[in-house]
Amino acid sequence: MLTYVAIGAPCGMIMGQTGMEPWMVFALSSTFVTGSGQFMICNLWLAGVPAPSIIASVAAISSRFALYSASIAPHLTGASKRQTLAVAATLTEEAYGISLAKLVEGEDWGPRESFVLNVILIATWGVSCTMGAIVGAVVDVPTAVAAFVCTSLFICLLFSQRLSRGNVVAAVSSAVSVAVCKFLGLVNIAVPASVVAGIAIALACDAVFDGRGARDAR
């Protein structure tokens, strides 16, 4: 909950700068699937990026939630469809990590506990973003400073990952793809294109090296 306050407040400030009222900030923050997507929507909107490109970019980074739901589904086989849907529809990244760990460890944890945790974190995020929008209307906080909060979060997540060939190739390929798209003037598709390019190149690289390793072993 404390991490949501630290990240949600700057997000609310940026949302306020796009012209959203505090109640709008709370409504969006309480129903949207990903906080990083909110950062992306606001930053791209302020940069004048067309709506179709914003939708494609947010959809690309939000697709990871399908993997989260798929990985937690086997541990909820005893739950009803209504309970499973409630957990999946309110899932957040932090709640996913906590719930999956407890389910795997066999603790006294089920769909009800997962759902309650999800709701608590969503409420914390919504209130934090709303407070940020209110404070941002009174205190002038530079957009670049507030926006870097989300960027710094993903930098921390990147360095916390296992240093593997695939991860390095994906990160470098995505960065190069963004630079190439912007150099060619393709700013509107830079983000979704870099996501696709990074994943595709990393998978191809792993497939080539794994195949070569198998041939060497034979």
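Count residues from 1 along the sequence.
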Colleague: Do Val5 and Val25 belong together in a cluster built from hydrophobic side chains that touch within less than 4.5 Å?
Modeller: no

Colleague: Applying side chain to side chain donor-acceptor pair (under 3.5 Å), which residue pairs with at least one partner in residues 170-184 are found, sequence neighbours left out?
Modeller: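 Qualifying pairs: none.
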
Colleague: Rounded to the nearest 0.5 Å, what separation is found between the CD atom of Glu113 and the CG atom of Asp108?
Modeller: 6.0 Å

Colleague: Which pairs pass ring pair (Phe, Tyr, Trp, His ring centres under 6.0 Å) with one or both residues in residues 62-93, sequence neighbours excluded?
Modeller: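 Ring pair (Phe, Tyr, Trp, His ring centres under 6.0 Å) check on residues 62-93 returns Phe65-Tyr68, Tyr68-Tyr96.
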
Colleague: Residues in side chain to side chain contact (heavy atoms under 4.5 Å, CB included) with Leu184, at least two apart?
Modeller: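 Scan of Leu184 (side chain to side chain contact (heavy atoms under 4.5 Å, CB included), adjacent residues dropped) gives Val180, Leu186.
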
Colleague: Among Ile, Leu, Val, Met, Phe, Trp and Tyr joined by side-chain contacts under 4.5 Å, find the other residues sharing a cluster with Val169 and list them by chain and number.
Modeller: Ile201

Colleague: Under 3.5 Å, side chain of Gln83 to main-chain N/O of Ser80, donor-acceptor pair present?
Modeller: yes

Colleague: Would you give the length of the straight line joining atom CE of Met1 to atom CD1 of Ile120, rounded to the nearest 0.5 angstrom?
Modeller: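 Spacing of CE (Met1) from CD1 (Ile120) equals 6.5 Å.
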
Colleague: Can you sort out the partners of Thr92 under side chain to side chain donor-acceptor pair (under 3.5 Å), two or more places apart, ordered by chain and number?
Modeller: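 So Thr92 forms a side chain to side chain donor-acceptor pair (under 3.5 Å) with Tyr4.
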
Colleague: How long is the span from the CD1 atom in Ile41 to the OG1 atom in Thr34, to the nearest 0.5 Å?
Modeller: 9.0 Å

Colleague: Are Met40 and Val196 linked, directly or through other ILVMFWY residues, by side chains that come within less than 4.5 angstrom of each other?
Modeller: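 Met40 does not cluster with Val196.
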
Colleague: With sequence neighbours excluded, what pairs up with Ser99 under the side chain to side chain contact (heavy atoms under 4.5 Å, CB included) test?
Modeller: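 Ser99 satisfies side chain to side chain contact (heavy atoms under 4.5 Å, CB included) with Ile72, Trp109, Ser114, Leu117 only.
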
Colleague: Out of curiosity, does Val172 fall in the hydrophobic cluster containing Val178 (side-chain heavy atoms, cut-off under 4.5 Å, transitive links)?
Modeller: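 No, Val178 and Val172 fall in different hydrophobic clusters.
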
Colleague: Applying ring pair (Phe, Tyr, Trp, His ring centres under 6.0 Å), which residue pairs with at least one partner in residues 5-25 are found, sequence neighbours left out?
Modeller: none

Colleague: With sequence neighbours left out, what residues match Thr90 under side chain to side chain donor-acceptor pair (under 3.5 Å)?
Modeller: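 Residues passing side chain to side chain donor-acceptor pair (under 3.5 Å) with Thr90: Asn118.
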
Colleague: Is there a continuous path of hydrophobic side-chain contacts, each under 4.5 Å between heavy atoms, that joins Met24 to Ile54?
Modeller: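 Yes, it is one cluster - the side chains of Met24 and Ile54 are joined through contacts under 4.5 Å.
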
Colleague: Can you sort out the partners of Thr18 under side chain to side chain contact (heavy atoms under 4.5 Å, CB included), two or more places apart, ordered by chain and number?
Modeller: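 In terms of side chain to side chain contact (heavy atoms under 4.5 Å, CB included), with neighbours along the sequence ignored, Thr18 is linked to Met20, Cys42, Trp45, Leu46.
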
Colleague: Identify, with sequence neighbours excluded, every residue that meets side chain to side chain donor-acceptor pair (under 3.5 Å) alongside Ser29.
Modeller: Gln38

Colleague: Measure the spacing between CD1 of Ile134 and CZ of Phe26 and express it to the nearest 0.5 Å.
Modeller: 11.0 Å

Colleague: Nearest heavy-atom pair of Ser30 and Ile122: which atoms, and what distance?
Modeller: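 Scanning both residues, the minimum pair turns out to be O-CG2, 3.5 Å.
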
Colleague: With the 4.5 Å side-chain cut-off for hydrophobic clustering, are Leu103 and Phe115 part of the same group?
Modeller: yes

Colleague: Less than 4.5 Å apart, side chain to side chain, heavy atoms only: is that true for Trp125 and Ile7?
Modeller: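 Result yes, sub-4.5 Å side-chain heavy-atom pair found.
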
Colleague: Mind listing the closest non-hydrogen atom pair of Leu100 and Ser71 along with its distance?
Modeller: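 Closest approach of Leu100 to Ser71, heavy atoms only: CD1-O, 4.1 Å.
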
Colleague: Listed by chain and number, what are the side chain to side chain contact (heavy atoms under 4.5 Å, CB included) partners of Leu85, not counting sequence neighbours?
Modeller: none

Colleague: Could you tell me which non-hydrogen atom of Leu121 sits nearest to which non-hydrogen atom of Glu94, and how far apart they are?
Modeller: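 What the structure gives for the nearest pair is CD1-CB, 4.3 Å.
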
